[in-house]
Trainee: 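Below is one structure. I have some questions about it.
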There are 2 protein chains.
Amino acid sequence: MLKFKIPEVAIERFPIYLRSIDNLPDNFILSSNKIAKLAGTTANQLRKDLSYLGWLGIRGKGYKIGKLKKEIARILNIDKKWKVAIVGVGKLGSALLAYPGLKKGKFQVELAFDNDPLKIGKTIEKVTIQNVEKIPELLPLHRVKIGIITTPSEVAQDVADKLIKGKVRGILNFAPVQLAAPKRIKIRNVDISILLETVSFFITQKSLF
Amino acid sequence: MLKFKIPEVAIERFPIYLRSIDNLPDNFILSSNKIAKLAGTTANQLRKDLSYLGWLGIRGKGYKIGKLKKEIARILNIDKKWKVAIVGVGKLGSALLAYPGLKKGKFQVELAFDNDPLKIGKTIEKVTIQNVEKIPELLPLHRVKIGIITTPSEVAQDVADKLIKGKVRGILNFAPVQLAAPKRIKIRNVDISILLETVSFFITQKSLF
DNA sequence: TAGATTGTTAATCGATTAACAATC
DNA sequence: TAGATTGTTAATCGATTAACAATC
């Protein structure tokens, strides 16, 4: 457990660092400058961020890739596997079920839910679709701590409530609504329209940004 | 055109404000406090953000919903429609093609591309899939200024280069790679693994965050 | 007018950048 | 040792929060 608070923004950069060095050999030693280039940031920021994890580098040389991978994975708690549940097996939900980053990564889709009787019972990507009503019951049984919501907006809050009853600790929400939930639940929203809207702003304010 | 710089973080909140009031009647007048609650922020922050857009409220009363919608839409440049191109019509790409937020919203999928001969020529959601090689040629012809990348990582950079040749101004990238591009191109990354990794961190550091 | 709420200023907080002593 | 690069401190920058005069 950490004794001090790592800035949220730094936490969000760690996965990018990890991804940037992921296919480099463990015995490579790279300077902060080189790694920063790969990750699309600056050497100063990289060193600052890494300093939150302790002494990772070798003065005069750089950072050993193997050690870096291990330490970042450790702080992100992805040295072990996480089981996740997907709720809403429409087009987006099915796409996520088959998504390589989820399929073979540190996050494994253990359960899938839908409210459509035609879908319940079917098996996609080795996961059998269950009735949404079973969420509160099945999640603790399978030790699932993260839920992914890919339902229409109208039912997203109801699904979130069920997930919370099922004792999830985090939710990745693709429905374009603001979910209400206790503070202890970590919610990440992915709203494609919102992303496009900010793009829209920036590409027309050319002279100022 | 703006005379001063609106903070990036504020820009990213405007779409959320818009979404929060979207289904309220135009003639309603709500206080910053009420709107902030809907959007999941504070009255202070909302007023500060809105102040960048000018005098929008009525002292002693609140903000007229209709005016707010119009002004936020104007600043985000979504009072007009944007045409977008999707590259990579796999599971995720197809899901986005059918995504309601894109289908009937301010962003219309005008073009779709793939490199798979079996897919080229087929029509999904009224959009005919074209050969990726045609990106630089077709984009300017259709006045498409935003590209969405839903290809495997290996070809994402190549696709980005083609989009840039086709004169896009912004890219929404779902491939888990850091894209290289000139500064004038606005890139937004959506990496599902990265999002889950930050969730993973936060739900284990319970006592500090 | 009295009450309410805005728009804005000032104070606080936090993150980024620059710089450099420590040290491999 | 000389050169290089870390880890960290201090300076800068920017965003959030608090507070309140202006005003509907």
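In the text below, chain A, chain B and the rest are named by the order of the sequence lines, each starting its count at 1. Keep in mind that what you see is a predicted model, and the values were worked out from it rather than measured.
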Trainee: Where the side chain of A:Lys61 meets the backbone of A:Ser31, is there a donor-acceptor pair that is under 3.5 Å apart?
Mentor: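 A pair under 3.5 Å: no.
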Trainee: Can you tell me which nucleotide in C:dA15, C:dT17, D:dT6 comes closest to the side chain of A:Pro7?
Mentor: C:dA15
Trainee: Roughly how many Å is it from CD in A:Glu8 to P in C:dT16, rounded to a whole number?
Mentor: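 Rounding to the nearest Å, CD of A:Glu8 and P of C:dT16 are 12 Å apart.
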Trainee: Does the D:dT23 base have a donor-acceptor partner in the side chain of B:Arg59 within less than 3.5 Å?
Mentor: no
Trainee: Can you tell me the distance, in whole Å, between the NZ atom of B:Lys64 and the C1' atom of C:dG7?
Mentor: 20 Å
Trainee: Just how far, in rounded Å, is P of C:dT6 from CG of B:Leu68?
Mentor: 11 Å
Trainee: Check the surroundings of atom NZ in B:Lys134: do more than 12 heavy atoms from other residues, nucleotides or ligands lie under 6.0 Å from it?
Mentor: no
Trainee: Side chains of A:Asn77 and B:Thr204: is there a donor and an acceptor less than 3.5 Å apart?
Mentor: yes
Trainee: Please report the shortest heavy-atom distance between B:Ile35 and B:Ile21, naming the atom on each side.
Mentor: CG2-CG2, 4.0 Å
Trainee: Scan every strand shown for a Watson-Crick or G-U wobble partner of C:dA21, both distances under 3.5 Å, and answer none if you come up empty.
Mentor: D:dT6
Trainee: With DNA chain C as reference, determine whether A:Lys48 or A:Ile58 sits nearer its 5' end, using the nearest nucleotide of each.
Mentor: A:Lys48
Trainee: Report the distance from atom CG of B:Leu53 to atom C1' of C:dT8, rounded to the nearest whole Å.
Mentor: 15 Å
Trainee: How many Å lie between CD on B:Gln45 and P on D:dA15, as a whole number?
Mentor: 11 Å
Trainee: Mind checking the OG1-CD1 spacing from B:Thr198 to B:Ile203? Nearest 0.5 Å is all I need.
Mentor: 10.0 Å
Trainee: Can you identify which nucleotide, out of C:dA15, C:dC24, D:dG7, has its nearest atom closest to the A:Val9 side chain?
Mentor: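 The nucleotide sitting nearest to the side chain is C:dA15.
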Trainee: Taking atom P of D:dT6 as reference, at what distance in whole Å does atom CH2 of A:Trp55 sit?
Mentor: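 Taking atom P of D:dT6 as the reference, CH2 of A:Trp55 is at 13 Å.
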Trainee: Of the nucleotides C:dT8, D:dG7, C:dA15, which has the atom closest to the A:Arg47 side chain?
Mentor: D:dG7
Trainee: Rounding to an integer number of Å, can you tell me how far A:Asp49 CG sits from C:dG14 P?
Mentor: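 The answer, rounded to whole Å, is 17 Å.
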Trainee: Could you tell me the separation between the CD1 atom of A:Ile6 and the P atom of C:dG14, rounded to a whole number of Å?
Mentor: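 Distance check: A:Ile6 CD1 to C:dG14 P gives 15 Å.
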Trainee: Reckon B:Leu56 touches a base, only the sugar-phosphate, or nothing at all at heavy-atom distances under 4.0 Å?
Mentor: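 If one applies the 4.0 Å heavy-atom cut-off, B:Leu56 turns out to touch the sugar-phosphate alone, with no base involved.
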Trainee: Write down the partner of C:dG14 under the Watson-Crick or G-U wobble criteria, each distance required to be under 3.5 Å.
Mentor: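 The answer is D:dC13, by the H-bond criterion.
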Trainee: Identify, between B:Lys61 and B:Asn44, the residue whose nearest nucleotide on DNA chain C lies closer to the 5' end.
Mentor: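 So the residue in question is B:Lys61.
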